[in-house]
Amino acid sequence: MKISPLQLARYQYEPKLPGMLRNGISEICVKDGSATESVADQEKIKALFPNTYGKNEITFQKGCNTSAEKKQVVGVILSGGQAPGGHNVICGLYDALKATNADNVLYGFKGGPSGLLDDDYIVFDDAYINQYRNTGGFDIIGSGRTKLETEEQFAIVAENCKKHGITALVIIGGDDSNTNAAVLAEYCAAHNTGVQVIGCPKTIDGDLKNEDIECSFGFDTATKTYSEIIGNIQRDANSAKKYWHFIKVMGRSASHVALECALQTQPNICLVGEEVAAKKMSLAQIADYIADSVAARAAKGWNFGVAIIPEGIVEFVPEFSVLISEINELLAGSKADAFNALPTWEDKYAFIENGLTKESMAVFAILPVNIQQQLFLERDPHGNVQVSLIESEKLFSALVKDNLAARKAKGAYNGKFNALHHFLGYEGRCAFPSNFDADYCYSLGYNAFMLIQYGYTGYLSKVSNLSKPAEEWVAGGMPITKMMNIERRHGADKPVIRKALVELDGAPFRFFEENRAQWAVDTAYVYPGAIQYFGPSEVCDTTTRTLALEKA
Ligand code: FBP
């Protein structure tokens, strides 16, 4: 296999651990913190997790290692979408495990949670691990989105662990995967399987965070990668001065990625789904807001600009989410077959017109035809519209175009509007991890092993104080149940980790809000450039604006 010079150079990078984990395994001990409560619904969560609820938070510190000496056999999986740094979590876990006892063994289950069910695995050794140090991607063992949530599945997992003598599992995933890790931990404790379960917080979306988990890994690298491209596009726009670029960025639900990219690049427009929902903005109002910027810039002779659109935006537009539920209802069960059998789009349109309420039909009618058709093309396994596949960047540019045409007809606008569209998603998920993500992930993995070694289960590997240099980071663990509440999912009450949405009274959004009016009309672009791996610390090691503002 041919290896790029950068990959070779990255093999030599030594990820930085928190100071307290640097003294060698024999000098890491536990400092007990206080007992925890779930963020809400305490009684219900406690009843559902009788064996793992309410445990103490812990931190590690320098001191004599008092953990039991026993051979450890550990399994690990990657779960969900790729996020830069996943390989380093496994490398950190492996290094801590081997440093503790050379006879310890690490199994990697392939293809995500399904690997645990199918008993599809590899056993890591130095040669294999070394090929993946400080690299992007999840290809070390692959990932998948199978959900581990039923008792039958847990029994299979326990059986497979028993077969290999595995006494601990590390689940590297987002909010859903860590919710399932907590349920699995409870199952294992209740059934005396002898298997500990530890989670690690992953997702580029940045929506697995709270007062304890300052950020999920991958968010730093992904947003830097997108911001580099957005900056490049801004510079092109400012050079050619003839296009408006509508750039959709990933983030299935929350708008953290869009907001962080806006903080890094200062575009003319950035929509934030959480604000749209809070203000109950309609599609027409959003289009009007963007068109105001286009018109103001056109008045200065600038017929160019950049707008960032979060992937999950449409679900935050109240009238659009009502439309989606009505469409889901309209095509429920066998009705979808009747719809699909209709020969022409005109016939289908009449069917839709007949089935939607007057209000939803009014929303549907203003959508460009390609978006209307997208709403009826792609369905998920439950038969629902796949909102993330809607080309919202094209939707909003089309609505803005109509809005500007109406202004032109009234003599209120005299500019040009040529739009180009981009979707930045997969480009960022497997980038070489930034130094921050390389260090953070390695520390999460290393720390996960320390939690295992000290016998914890149902805990999330926690590394905090992240806006400071790695030397000052704080390593420890937090019971996953602390992050849980009860939510309605698929018609039933479920204990889940609460998803972190953008807080409109939080410092990152407030900073954006204070500046965006100026960014909308001026050309205040910032060009972050590519992620740098070697060079001065302020260029290579600084993390996100979101974290800096939150911790300022
Ligand atoms: P996770 O929540 O699993 O980390 O995945 C997030 C994400 O990258 C979203 O931003 C995006 O909507 C989605 O995955 C895409 O999923 P897929 O890889 O299945 O196409």
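Atoms within a ligand are numbered from 1 in the order they appear, just like the ligands themselves. Along the sequence shown, the residues carry numbers beginning at 1. No hydrogens, no waters, no symmetry mates; every other heavy atom, side chains included, goes into these values.
- Looking at Lys224 and Glu228, no side-chain N of the basic residue comes within less than 4.0 Å of a carboxylate O on the acidic one, giving no salt bridge.
- For atom 15 (C) of ligand 1, the nearest protein heavy atom (residue, atom name, distance) is Arg429 NH1, 3.7 Å.
- When each atom of ligand 1 is checked for a heavy atom of Ile204 under 4.0 Å away, the hits are 8 (O).
- Taking 4.0 Å as the cut-off between side-chain N and carboxylate O, Asp41 and Arg498 do not count as a salt-bridged pair.
- Under a 4.0 Å heavy-atom criterion, Gly81 is in contact with ligand 1.
- Asn515 contributes a side-chain N or O that, together with a main-chain N or O of Phe511, makes up a donor-acceptor pair within less than 3.5 Å.
- Residues Phe320 and Phe316 keep their aromatic ring centres 6.0 Å or farther apart.
- At least one heavy atom of Gly251 sits closer than 4.0 Å to an atom of ligand 1.
- A ring pair (Phe, Tyr, Trp, His ring centres under 6.0 Å) with Phe436 is found for exactly one of Trp473, Tyr533, Phe217, namely Trp473.
- Of the heavy atoms in Thr203, both backbone and side-chain atoms come closer than 4.0 Å to ligand 1.
- The ligand atoms of ligand 1 that sit less than 4.0 angstrom from a heavy atom of Asp205 are 6 (C), 7 (C), 9 (C), 10 (O).
- Residue Lys202 has at least one heavy-atom neighbour below 4.0 Å for each of these atoms of ligand 1: 1 (P), 3 (O), 4 (O).
- Residues Lys209 and Glu550 are paired through a salt bridge, judged by an N-O separation under 4.0 Å between the basic side chain and the carboxylate.
- With respect to Lys462 and Glu214, no salt bridge is recorded, no charged nitrogen being found less than 4.0 Å from a carboxylate O.
- Under a 4.0 Å criterion applied to the non-hydrogen atoms of Tyr426, ligand 1 contributes the atoms 15 (C), 17 (P), 18 (O), 20 (O).
- Closest to atom 19 (O) of ligand 1, if we only count protein heavy atoms, is Arg145 NE, 3.0 Å.
- Across the listed options Arg252, Lys499, Glu311, Arg252 owns the non-hydrogen atom lying nearest to atom 13 (C) of ligand 1.
- Ligand 1 places these atoms under 4.0 Å from at least one heavy atom of Gly80: 3 (O).
- Assignment of Gln82 to the shell around ligand 1 is not supported, since no heavy atom sits closer than 4.0 Å.
- Aromatic ring centroids of Phe246 and Phe396 lie 6.0 Å or more apart.
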